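One structure is given below, encoded as structure tokens.
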Amino acid sequence: MKVNFIGVDYDYFDYQGKNYIKIIGRTDSGKRICLIDDCDIYFWAILKENISEKKIEKLINKINKIKLDIKGRKTKVEKVELKTKNFLGKKVQALKIYATNYKDLHDIASRIDMDEIEKRRGYDLGYVTHYILEKKVNPLAWYEVEGELLNNSLKFGGIDSALDVDICIKTKSIKEIKEKQFLPNVLAYDIETEEFEIGKGEILMVSLVGKNFKKIISCKKASKKHDYVEYVKDEAELLEKFVEYIRKISPDFLVGYFSDGFDLPYLRARAQKNNVKLSLGLDESPPRFFRGAVPTGKISGIVHIDLLKFIQTAYSQYMQSETLSLNEVAKEFLGDTKKPFEFKPSSKIKEEEWETFFEYNLHDSVLTYQLFEKFWQDIQEFTKIMKEPVFDVTRNGMSHNVEDYIIHNLEKFDEIPEKRPTYDEISLRKKQPAYEGAFVFEPIPGLYENVVFFDFTSSYGSVIVTYNLSKSTYLEKPEKNSNSIEALGKKVYFSKKTGFFPEMLKEIIEKRKKYKTELKQKPDVVKKARSNAYKLLANASYGYQGFFGARYYCREAAAATAAFARQSIQTAIENIEKENYPVIYSDTDSIAFLREKNSKVQIEKFLTKLNSKLPGIMELELEGFFKRGIWVTKRAGKIGAKKKYALLGEDGKIKIRGFETVRRDWCQLARKVQNQVITLILNDGNEKKAMDHIKMIIKKLKNREYEKKDIMIKTQLKKPISEYRAISPHVIAAKKMHEQNIPIEMGSLIEYYIAETMEKKKLVRDKVKLPGEKGEYNIEYYLEKQILPAVENIFQVFNINLKEVIEGKKQTTLGDF
DNA sequence: ATATACACGGATCCCCTATTTCC
DNA sequence: GGAAATAGGGGATCCGTGTA
């Protein structure tokens with residue numbers, strides 16, 4: 001039988017002691033298909049140098065005889081081949097050791113500790129990755145498959161009858177074909193529960209939203225019934241109905257928001273309690289959970305996606321939202337929000353309120369569904385580039401993605417994969433002191449006109465490529481013709497023979513450039529997603545080499561990258577100053593300077609000239625021209641504050657970096673006022689209007705004209721309450737919330753305000769009150785600790801001591817405020 | 001558990017010294 | 001008068017959140 005196929009969910013199983021891959025996907029006619037396949041199983045034993053042929057032959061014979069009987073499984077070395085390969089860029093002789101079962105590779109490897117063997121590698125990739133590498137059946141790519149149709153067959157223990165698919169094939173041959181359209185069947189879901197703690201209270205309702213499908217299952221009755229609501233008699237029936245609908249719809253993707261951490265584990269817990277089998281898998285298996293910071297929930301044959309995780313790694317750094325709550329994320333990407341609903345115990349919800357609750361619940365799934373549509377393109381590109389299944393790609397962090405990319409591109413270099421670091425190695429790496437990072441220029445506080453920003457494109461990435469910095473190119477001993485620099489308190493050397501990591505990164509950067517240009521010429525969603533994926537990959541590569549968990553960890557390379565980057569930026573600054581452009585500021589890879597009377601064309605010419613002198617793929621680009629920019633002093637002292645500035649663009653847009661305005665742990669009022677002051681000053685070029693404005697604000701503050709929402713302070717709880725050594729205001733607020741049974745956990749955003757107190761209290765934390773608590777805001781605190789600190793150093797730029805002005809005025813015209 | 005360092009600034013912690021309180 | 005308690009100053013540290 002021949003069929004066109006795309007792979008979506010990857011899993012494997014053992015049959016008669018051997019491993020088989022089970023890929024669930026679709027045919028081009030939309031049929032659900034299961035593909036069964038296998039591949040050679042092997043790992044590598046890298047030999048020491050200069051081992052005689054005779055010795056090798058003896059060694060092979062010895063290894064060939066290895067047989068194991070462990071974990072109730074008989075396994076053996078099937079064959080051994082001698083190959084010439086590369087390991088960390090060096091030519092090596094290695095034995096390719098084939099075995100029966102992937103899971104036994106580790107045990108076999110530990111038996112092979114002969115003297116002639118230097119290293120053992122390639123047994124820790126996981127069967128799915130190993131299979132994808134071996135057979136090149138990449139997720140979300142199209143293939144023409146030829147094989148034996150299993151129909152009520154006894155093969156593999158009757159797998160085809162046990163699986164809820166249209167076609168089940170044992171693969172004979174497989175060949176890549178041109179990309180076809182794939183419109184996945186997607187179902188979003190969301191549950192509402194009595195309690196927040198997993199499994200503690202009953203599930204009140206479940207909503208399911210697909211392409212042309214809307215459903216609420218609930219045992220609570222509303223006064224008016226929408227046709228999408230389906231009543232059930234109790235929780236057990238609700239769970240059964242939920243399973244029934246999912247089985248009927250059989251989606252490729254079941255999508256939730258924070259569903260790894262809440263919805264799916266909650267459903268599982270309640271199913272256990274009600275003795276209902278949560279047989280969501282195509283083989284009717286219940287979800288399996290894997291340990292982690294947040295456990296991940298896997299459903300056999302259906303890809304369970306927790307969108308929150310993907311957004312976290314792929315998008316959060318470019319987002320405006322202050323939290324990654326469904327509400328804020330939907331607001332930012334869809335321009336839509338959650339429906340309003342005030343939570344209370346279900347016994348207190350009136351009949352007419354249930355209707356609103358249903359609408360609320362349904363809309364959460366609608367938002368989740370729409371967000372999936374929004375990110376589907378990105379998920380596809382990530383999957384295709386990393387060549388790992390959607391389930392993993394949507395959950396992995398960026399370092400993991402970088403590593404997957406490397407592993408799936410090693411073949412071109414004939415490289416044997418490096419192993420994952422052991423626990424001991426990781427602890428050792430973690431103990432290493434931090435190495436010197438980026439250079440930041442200390443600005444001279446002031447208001448400047450005609451500011452230009454130059455940026456190094458993919459700065460760290462370009463440095464790694466240009467100076468060939470990686471684990472495989474690092475030279476333990478100095479060599480003459482090499483790249484070298486001071487780092488980690490010594491001189492470090494890197495070979496000039498291009499390593500595979502810099503080479504891969506070069507390709508990533510080139511691709512990113514290519515798609516970015518194409519995108520500019522003719523925008524489309526695929527190019528946008530692709531360009532973005534390569535951009536993220538390029539940006540994460542530097543961090544990867546310095547990350548303690550990386551297979552290709554190289555502290556010297558990471559430190560050298562930072563060192564070469566410092567050198568590059570400092571040279572660029574010198575060259576800009578040499579042309580008599582005053583440099584105002586610089587941080588890591590960007591430089592701000594004044595163009596004074598020079599035209600934009602002159603600046604662009606100057607940029608070309610600068611670029612002609614840069615080594616390798618180092619390149620400066622024009623980030624932008626700005627009408628004005630302001631840099632301020634630090635709170636204490638007179639020196640210029642780094643990482644804090646504001647710009648007025650040519651288009652009139654204001655760009656604010658680092659100021660309290662952009663920090664969520666300052667109250668709205670202080671942030672808004674600071675923003676207004678900055679805007680007024682940048683637009684007018686002086687502080688006059690800003691001064692009037694701030695006086696008015698202070699007056700209103702003292703008259704208590706502001707609402708609670710303006711003065712709420714939000715701070716995230718980063719660890720369990722008990723672990724805090726310093727008891728700061730937000731910890732006190734969290735404690736209060738805990739006492740009032742308001743659900744909080746690590747990661748919760750704690751909201752509180754500072755209130756007036758009867759007695760004089762010294763510590764701020766003694767004045768903390770929760771939003772619900774009665775009290776009046778503490779005028780002195782908000783003036784002295786929020787409003788004034790936010791704007792004081794901005795006025796300092798004009799040599800105005802705001803405090804003196806305010807207090808001075810107070811003396812002359814008492815009662816003015 | 002799962003990219004890096006640099007930086008700001010609030011608040012508390014903690015040590016020291018001076019002053020007050022207690023006996 | 002001397003020891004213990006308290007207040008306050010100031011640097012160190014913790015903590016959260018930014019920039020790149």
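No hydrogens, no waters, no symmetry mates; every other heavy atom, side chains included, goes into these values. A quick note: this is a predicted structure, and the numbers were derived from the prediction, not measured.
- Nearest nucleotide to the A/Phe548 side chain, out of B/dT4, C/dT17, B/dG10: B/dT4.
- The CG atom of A/Asp766 sits 11 Å away from the C1' atom of B/dT12 (whole-angstrom rounding).
- Across B/dC8, B/dA7, B/dG10, the shortest atom-to-atom separation from the side chain of A/Trp666 is found for B/dG10.
- Heavy atoms of A/Gly397 sit nowhere under 4.0 angstrom from any nucleic acid atom.
- Between B/dT12, B/dG10, B/dT4, one nucleotide has an atom nearer to the side chain of A/Tyr435 than all others, and that is B/dT4.
- The CD1 atom of A/Ile713 sits 18 Å away from the P atom of C/dC15 (whole-angstrom rounding).
- Atom CD of A/Glu403 and atom C1' of B/dT4 are 16 Å apart (whole Å).
- Salt-bridge check for A/Arg566 with A/Glu436: passed, with a basic side-chain N closer than 4.0 Å to an acidic carboxylate O.
- Using a cut-off of 4.0 Å between Lys/Arg side-chain N and Asp/Glu carboxylate O, A/Glu507 and A/Lys511 are scored as salt-bridged.
- Here the nucleotide nearest the side chain of A/Lys644, chosen from B/dA11, B/dG9, C/dT19, is B/dG9.
- For A/Asp260 and A/Arg395, the salt-bridge test passes: some basic side-chain N is under 4.0 Å from an acidic carboxylate O.
- Using a 4.0 Å heavy-atom criterion, one finds that A/Gly543 contacts the bases of the nucleic acid, with or without backbone contacts as well.
- Listed pair A/Lys634 / B/dC8 meets the phosphate criterion, a side-chain N or O lying under 4.0 Å from OP1 or OP2.
- Using a 4.0 Å heavy-atom distance criterion, A/Ala558 is classed as making no nucleic acid contact.
- With distances taken from any side-chain atom of A/Ile426 to the nucleotides C/dT19, B/dA3, B/dA1, the minimum falls on B/dA1.
- We find that OH of A/Tyr645 is positioned 14 Å from P of B/dC8, with the value rounded to whole Å.
- Taking the ring axis of A/Tyr553 as reference, the NZ or CZ atom of A/Lys471 does not stay both within 45° of it and closer than 6.0 Å to the ring centre.
- Nearer the 5' end of DNA chain B, as judged by each residue's closest nucleotide, is the contact made by A/Arg566, out of A/Pro729 and A/Arg566.
- Look at A/Glu619 and A/Lys513 and you find a salt bridge, because one of the NZ, NE, NH1 or NH2 atoms lies within 4.0 Å of a carboxylate O, short of that distance.
- To the nearest angstrom, C1' of C/dG16 lies 15 Å from NZ of A/Lys714.
- One finds a side-chain N or O of A/Ser399 lying less than 4.0 angstrom from the OP1 or OP2 phosphate oxygen of B/dA3.
- Put simply, A/Gln716 has a side-chain N or O that comes within less than 4.0 Å of OP1 or OP2 on C/dT17.
- Because its NZ or CZ atom is not both nearer than 6.0 Å to the ring centre of A/Tyr724 and within 45° of the ring axis, A/Lys718 does not count as a cation-pi partner of that residue.
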Show each protein N/O and nucleotides 8-12 of chain C N/O combination with a separation under 3.5 Å, one pair to a line.
none

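- Here A/Lys719 reaches the OP1 or OP2 of C/dC15: one of its side-chain N or O atoms lies under 4.0 Å away.
- Here A/Tyr781 lies in heavy-atom contact (under 4.0 Å) with sugar-phosphate atoms only.
- Listed nucleotides: C/dC15, B/dC13, B/dA5. Nearest to the side chain of A/Tyr724: C/dC15.
- Under the 3.5 Å distance criterion, the side-chain polar atoms of A/Glu773 are matched with a main-chain donor or acceptor of A/Leu770.
- Taking 4.0 angstrom as the limit, A/Arg429 places none of its side-chain polar atoms (N or O) nearer than this to OP1 or OP2 of B/dT4.
- In this structure, of C/dC14, B/dG9, B/dA11, it is C/dC14 that holds the atom nearest to the side chain of A/Arg725.
- A donor-acceptor pair shorter than 3.5 Å cannot be found between the side chains of A/Glu388 and A/Thr383.
- A donor-acceptor pair under 3.5 Å is formed between the side chain of A/Tyr552 and the backbone N or O of A/Glu418.
- For the OP1/OP2 pair of B/dG10 and a distance below 4.0 Å, the side-chain nitrogens and oxygens of A/Arg635 include at least one atom meeting the criterion.
- In the set C/dT17, B/dC8, C/dG16, C/dG16 carries the atom at the smallest distance from any side-chain atom of A/His730.
- One atom, CZ of A/Phe501, and another, C1' of B/dA3, lie 10 Å apart when rounded to the nearest Å.
- No contact: A/Lys430 has no heavy atom under 4.0 Å from any strand.
- When distances are taken from the side chain of A/Glu660 to each of B/dA11, B/dT4, B/dG9, the shortest belongs to B/dG9.
- We find that CG of A/Leu505 is positioned 15 Å from C1' of B/dT4, with the value rounded to whole Å.
- Using a 4.0 Å cut-off between charged nitrogen and carboxylate oxygen, A/Arg551 and A/Glu403 count as a salt-bridge pair.
- Listed nucleotides: B/dC8, C/dG16, B/dC13. Nearest to the side chain of A/Lys642: B/dC8.
- Among the atoms of the strands shown, only primed sugar atoms or phosphate atoms (P, OP1, OP2) are found under 4.0 Å from some heavy atom of A/Ala438.
- When rounded to the nearest whole Å, the span between OH of A/Tyr460 and P of B/dC6 equals 9 Å.
- Side-chain atoms of A/Arg663 and base atoms of C/dT17 include a donor and an acceptor less than 3.5 Å apart.
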